[in-house]
Asks: 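Sharing a structure below in C-alpha cells format, with a few things to ask.
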Amino acid sequence: MSADVQPFDWHRMFVGDLTPLFMLEIVFRTVVIFAWLLLLLRLSGQRSLTQLGPLELAIVIALGSAAGDPMFYADVPLLHGMLSLALVVGMQHVISRLIVRSETVETLLQGVPLEMVRDGVLDRENMSRANLSQEDVFEYLRRDGVRQLGEVQRAYLEQNGTFSVFKYPHGQVLPGLQVTPPWDLEPPQSIPPAAVPSGPQACRCCGRLLVPESPEVCPCGERERVPAVKDPLDDQIAVSVVLT
C-alpha cells in the first residue's frame with residue numbers, strides 16, 4: 001500500500017480519482033462492448049452455456065477478460081477492446097471449422113466420451129481419468145431418475161461434460177447398488193462378512209452384482225458388500241430389518 005493512500009477513504013473507494021461524470025462514460029462503454037460481444041457471438045453461432053466444452057470455456061474466459069477492461073478503464077480505448085474481442089471470436093470460429101473437418105483436432109481439443117457405467121458396474125478407471133468421484137457419478141445419474149445401478153445399461157460422460165444415460169427396459173432391470181438416497185444422507189448398510197446371505201449383494205465400490213459363491217474380494221479390489229436392491233426408496237426399510 002502506498003504511503004499516501006488513506007484507508008477507508010470513502011470517496012476513493014466508491015468514486016475514485018476521476019470525476020463523477022466518468023460514470024456516464026462507463027455506462028456508454030459497457031453498452032458498446034456488451035452489444036459488440038452479443039453481435040460477435042450471434043455471428044459465430046456460439047453454443048449455449050449449458051454445453052461448454054474445454055474450447056468454449058477457454059473462449060468464455062478470454063472474452064470476459066477482453067470485454068472487462070474497456071468497460072471501465074479510462075486508459076483502454078474502446079477500439080482496442082473491440083479488436084481483441086473480434087480476434088478471440090475469430091479464432092474460435094477457425095478452430096470450430098478445424099474441429100468439424102479433422103477428428104484428430106477434435107480429439108485433441110475436446111477429448112473423447114468416457115464410459116462411466118456398463119451393465120450396472122462403475123468404470124473406476126474412467127472415473128479416475130475424468131476426476132469424478134462415486135458420488136459425482138451418482139449425482140449425474142439421479143438427475144436422470146436412476147435409483148440404483150442395475151437400471152443402467154450404459155452411461156457416458158460426453159465431451160461437453162454432460163451425462164448420457166441408457167437404461168434397461170423395465171422388465172430387464174436387475175438389483176444393484178443404490179444411487180438414491182444420496183449416501184451423504186443415508187449410506188447403504190454394509191453386510192457383515194459372517195452374515196448369512198439373504199438376498200442379492202453388490203460391491204460397495206463399483207456396484208458389481210455378487211452372489212454368495214463369489215470371491216470375497218471383488219475384481220475392483222473392494223471387500224465390502226451391501227444389499228443389492230431394485231428400488232432403494234421402497235426396499236430400504238426391508239433391508240434395514242434384515243441387517244439388524
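Only heavy atoms go into these numbers, but all of them, side chains included; no hydrogens, no water, no symmetry mates. All residue numbers refer to positions in the sequence shown, counting from 1.
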Asks: If you define the side chain from C-beta out and look only at heavy atoms, does anything of W36 sit under 4.5 Å from V89?
Replies: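 No - every pair of side-chain heavy atoms lies 4.5 Å or more apart.
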Asks: If you draw a 6.0 Å radius around CD in E125, do more than 12 non-hydrogen atoms from other residues or ligands fall strictly inside?
Replies: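 Open: at most 12 neighbouring heavy atoms sit under 6.0 Å from CD of E125.
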Asks: Within the 4.5 Å heavy-atom criterion, are K230 and P200 side-chain neighbours or not?
Replies: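 Contact flag for K230/P200 side chains = no.
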Asks: Are the side chains of V226 and Q201 in touch, meaning some heavy atoms are under 4.5 Å apart?
Replies: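 They are not in contact (no side-chain heavy atoms under 4.5 Å apart), so the answer is no.
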Asks: Provide the closest heavy-atom pair for C205 versus L122 in the form atom of the first, atom of the second, distance.
Replies: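 Reported closest heavy-atom pair: O-CD1, 3.6 Å.
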Asks: Hey, does the side chain of R204 reach the backbone of P188 with a donor-acceptor pair shorter than 3.5 angstrom?
Replies: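 Yes, because the side chain of R204 sits within donor-acceptor range (under 3.5 Å) of the backbone of P188.
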Asks: Contact between L149 and V179 at the side-chain level, heavy atoms closer than 4.5 Å - yes or no?
Replies: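 Side-chain contact under 4.5 Å: yes.
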Asks: Once the angle between the rings of F166 and Y156 is folded into 0 to 90°, is it parallel (under 30°), tilted (30 to 60°) or perpendicular (over 60°)?
Replies: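 Plane angle over 60°, so perpendicular.
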Asks: Heavy-atom count around R97 CZ within 6.0 Å, excluding the residue itself: above 12?
Replies: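 Counting other residues, nucleotides and ligands, CZ of R97 stays at 12 neighbours or fewer.
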Asks: Answer yes or no: is there an ion pair linking R143 with E139, defined by an N-O contact shorter than 4.0 Å?
Replies: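 Here R143 pairs with E139 in a salt bridge, since their nearest N and O are under 4.0 Å apart.
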Asks: Considering only heavy atoms from C-beta outward, does the side chain of P113 approach that of Q159 to under 4.5 Å?
Replies: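 Yes; the side chains approach each other to less than 4.5 Å.
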Asks: Less than 4.5 Å apart, any side-chain heavy atom of P227 and any of I191?
Replies: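 With C-beta onward as the side chain, the pair touches.
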Asks: Is the shortest heavy-atom distance from the side chain of C220 to the side chain of R208 under 4.5 Å?
Replies: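 The answer is no; the side chains never approach within 4.5 Å.
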